[in-house]
Amino acid sequence: MGVNISAPYIYVCTRMRVRKAKLLPREEYMRMLNMSVAEITRVIEETEYKQEIDELGTAFKGIDLVEVALSWNLAKEYQKIQEIAPGTLKGFTHAYLRRWDIQNVLTILRGKVQGEKPGKIKEILIPAGSLDKVVLDRLLSEESNDRIIELLKGHRMFPVLAREFPAARESGSFSHMENELYKQFYAEILADAKAGIKGASAFLSYIQLEIDIKNAKTLFRLRVDAQTDEDVRDMFVAGGTLSINDFTSLDSIRDTNEFIDQLKVNFRNESLHALMDELKGQKGSISGIEVRLTRVQLEQMEKMSKRNPFSIHPILVYLEKKKYEVFNLRALARGKESRLPSEKIAEYLVM
């Protein structure tokens, strides 16, 4: 950023740090691991989620109350940040939050296939992207997935949905379509980040980090599940600091130690190196590895944010950490509801 940083940038970036400081610490999650759903709800009610729990407490109970309160709070928070972000930071924030369009549409399509009631699907939607609550309600009210896709004509996702949905319906799996939607999303926001706008280089460095981590997660998933008939090249997202060729050649290394050594050569990142060394001698579950890669990503974001305190970085760090707080609370409540052992639930928490 230049020397003359405007007051609105300073104000918003400072607000993000204040908000981030209010997020739940690790100790709080450790405490919640020993609680029931009712106790977890009471703890949540004493935090930033109080207003939603109070407002929704008459209409919902138990796990449903937790689900809806968390979704409402996250959506409201994201909308608020889009309103207060100044200048070019607003554009980057809007672009970044369009990922929720993909998540919401896929949640609706999957829910319809599984025969879920619209009210149940609605509980976990986060209207934070370009598709607002009104549009999402309209999609939810449709009987068929064909009609839902039809209604999205004119939206930037439509060409991919129209191209991929017939095969997804045929196979009963949305994963290839999901991957194609994210590839398009990243291609678009990389174009935004390379447009030479003020502050775009900070946005670009973060998006490239995210793509690298996403591809690393895919790489580990492929090692666990070698049964894919898809072309491996197709599964990686272009545009990170490592090329798709880098990832496909890593995927071809079958020996675990050799694979990890080569991964370390490609990634110049100390936190990632430490994680790789830990993984060498042990068999980690794929969800455990993904959670740890997410932690590495968040650590890197924190470092970027400290280096660029009045850029898009403090906003992105907060958006991500807030998302994972909701993700953790949801995992805790669902895990307790399903009577999973505490140590199993802890594996899924990003803290």
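Quick note: numbers below take in every heavy atom, side chains included, and nothing from hydrogens, waters or symmetry partners. Sequential numbering from 1 along the given sequence is applied to the chain's residues.
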Which is it for Met177 and Leu109 under the side chain to side chain contact (heavy atoms under 4.5 Å, CB included) test, yes or no, and what are the steps along the way?
CA-CA 11 Å; Met177 181 165 90; Leu109 294 174; 3.7 Å; yes
Go through the steps to decide whether Lys322 and Glu48 satisfy the test salt bridge (Lys or Arg N to Asp or Glu O under 4.0 Å), and finish with yes or no.
CA-CA 11 Å; Lys322 174 70 181 175; Glu48 301 295 307; over 6 Å; no
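Side chains of Thr88 and Tyr9: a donor-acceptor N/O pair is present below 3.5 angstrom, by distance only. Side-chain atoms of Ser173 and Ser175 form a donor-acceptor pair, as typed in the model, at a separation below 3.5 Å. Glu210 and Tyr206 share a side-chain donor-acceptor pair at under 3.5 Å. For the residue pair Glu258 and Gln262, no side-chain donor N or O sits within less than 3.5 Å of a side-chain acceptor on the partner.
Between Arg334 and Glu67 there is a salt bridge, since at least one side-chain N of the basic residue sits less than 4.0 Å from a carboxylate O of the acidic one. Salt bridge annotation for Lys120-Glu123: present, with a cationic side-chain nitrogen under 4.0 angstrom from a carboxylate oxygen. A salt bridge links Glu188 with Arg156: the closest approach of a Lys/Arg side-chain nitrogen to an acidic carboxylate oxygen falls below 4.0 angstrom. Classification of Glu270 and Lys303 as a salt-bridged pair fails, no side-chain N sitting under 4.0 Å from a carboxylate O. Between Glu278 and Arg292 a salt bridge is recorded (basic side-chain N to carboxylate O distance below 4.0 Å). Between Lys323 and Glu320, at least one side-chain nitrogen of the basic residue sits less than 4.0 Å from a carboxylate oxygen of the acidic one, meeting the salt-bridge criterion.
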N/O donor to acceptor pairs below 3.5 angstrom from side-chain atoms of residues 126-139, sequence neighbours left out:
{"from": "Ser130", "atom 1": "OG", "to": "Asp101", "atom 2": "OD2", "distance (Å)": "2.5"}
{"from": "Ser130", "atom 1": "OG", "to": "His155", "atom 2": "NE2", "distance (Å)": "3.1"}
{"from": "Asp132", "atom 1": "OD1", "to": "Val134", "atom 2": "N", "distance (Å)": "3.2"}
{"from": "Asp132", "atom 1": "OD1", "to": "Val135", "atom 2": "N", "distance (Å)": "3.0"}
{"from": "Asp137", "atom 1": "OD1", "to": "Lys122", "atom 2": "NZ", "distance (Å)": "3.2"}
{"from": "Asp137", "atom 1": "OD2", "to": "Lys122", "atom 2": "NZ", "distance (Å)": "3.4"}
{"from": "Arg138", "atom 1": "NH1", "to": "Glu142", "atom 2": "OE2", "distance (Å)": "2.7"}

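Between the side chain of Lys321 and the main chain of Leu298, no donor-acceptor pair closer than 3.5 Å is present.
With ring centers used as reference points, Phe259 lies under 6.0 Å from Phe220.
Between Val232 and the options Thr218, Leu222, Leu219, a side chain to side chain contact (heavy atoms under 4.5 Å, CB included) holds for only Leu222.
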